[in-house]
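Taking it in order: structure first as structure tokens, then the write-up.
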Amino acid sequence: MALSEESRVRAHGGTQYAYSHDSGETGTKMTFSAFVPDHGEGETLPVVWYLSGLTCTHANVTEKGEFRATCAEHGLIFIAPDTSPRGEDVPDDPDGAYDFGLGAGFYVDATEEPWSKHYRMRSYIEHELPELIGKNLPADMRRQSIMGHSMGGHGALTIALRNPDRFKAVSAFAPIVSPTNCPWGHKALGGYLGEDASSWSDYDACKLIENGAKLDHLLVDQGEADTFLENQLMPERLEAACRAAGQPLTLRRHTGYDHSYFFISTFMPDHLAWHAERLKR
């Protein structure tokens with residue numbers, strides 16, 4: 001599949017691109033952004049995947065994430081996909097709600113109609129897009145890491161836990177750690193996968209850890225002023241699951257920080273430096 005370059009701009013000793021392509025998984029045109037630091041001819045660079053949260057496109061972190069200077073410093077390609085398929089034929093929440101449908105793909109492969117035709121974000125992120133990146137960008141696919149925010153934190157954690165040999169570092173900002181136990185997750189997983197909750201476990205980081213999935217380490221930052229903290233995010237569930245399973249976890253709680261990109265951009269350099277250290281090993 002060919003990539004179409006939508007835009008490019010110089011920034012921080014690298015180039016920020018936006019690309020589009022026709023996706024075989026979603027059956028739609030998909031758009032993602034890629035920051036590529038300057039590099040020598042024939043040189044390949046490690047890849048950091050960033051998965052965004054509810055209502056976002058690739059553009060939110062690209063415009064607000066403040067990642068480019070740190071990526072250029074450490075020589076990291078930064079890939080930011082969209083959060084759902086889009087297009088006139090793609091179904092959306094019938095009530096226009098923000099937490100289901102367009103912008104809310106939850107990084108699952110839907111099995112229920114009418115969602116199953118297009119909402120295949122798991123396969124898109126796990127298989128199709130990495131193949132495109134490996135073929136079209138100067139990416140060293142032996143050195144990948146993944147991170148995300150909120151719904152994207154859920155995506156990063158679950159994708160990494162299902163593919164533990166692929167990613168050398170995994171982190172999240174305010175992730176949905178147990179969607180089987182929160183309103184956002186019940187709506188999304190029930191809608192995309194059906195009401196049989198036994199089919200949801202692959203999309204719940206806590207359950208994956210409880211069932212034996214393990215990573216070298218997890219880094220999570222959480223704002224204490226996050227309005228979604230108590231009823232949607234519940235980081236204490238991740239703490240408990242990791243403690244019981246012996247899964248190394250660094251969970252940092254930050255007084256006064258909320259759920260926004262003001263929070264994310266504050267700690268983005270820390271996360272990227274943490275990723276870079278592990279990607280260079």
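Inter-residue side-chain proximity for L157 and V170 is flagged as met; some heavy-atom pair is nearer than 4.5 Å. Using a 4.5 Å heavy-atom threshold, the side chains of V48 and C71 count as separate.
Remark: Y261 OH is packed, more than 12 non-hydrogen atoms of other residues, nucleotides or ligands lying under 6.0 Å away. By the 6.0 Å contact criterion, OH on Y98 is enclosed, its count of non-hydrogen atoms from other residues, nucleotides or ligands being greater than 12.
In summary, D270 and R252 engage in a salt bridge, as defined by a charged side-chain N under 4.0 Å from a carboxylate O.
E128 places a side-chain N or O within 3.5 Å of a backbone atom of G24 that can act as its donor or acceptor partner. Panel note: side chain D196, backbone S198; a donor-acceptor pair is recorded below 3.5 Å.
Applying the side-chain contact (heavy atoms from CB on, under 4.5 Å) test between Y50 and each of H58, M268, H271 identifies M268 as the sole match. Of the candidates F67, F173, Y257, F267 forms a ring-ring contact (aromatic ring centres under 6.0 Å, His included) with just one, namely Y257.
Looking at residues two or more places apart in sequence or on another chain, you find no salt bridge (Lys or Arg N to Asp or Glu O under 4.0 Å) involving R278. In this structure, the side-chain contact (heavy atoms from CB on, under 4.5 Å) partners of P235, at least two apart in sequence or on a different chain, are Q222, L229, L233, L251, R253.
Between H259 and W184, the angle of the ring planes lies from 30° to 60°, which puts this pair in the tilted group. Using bins of under 30°, 30° to 60° and over 60° for the plane-to-plane angle, the ring pair Y192/W115 lands in the perpendicular bin.
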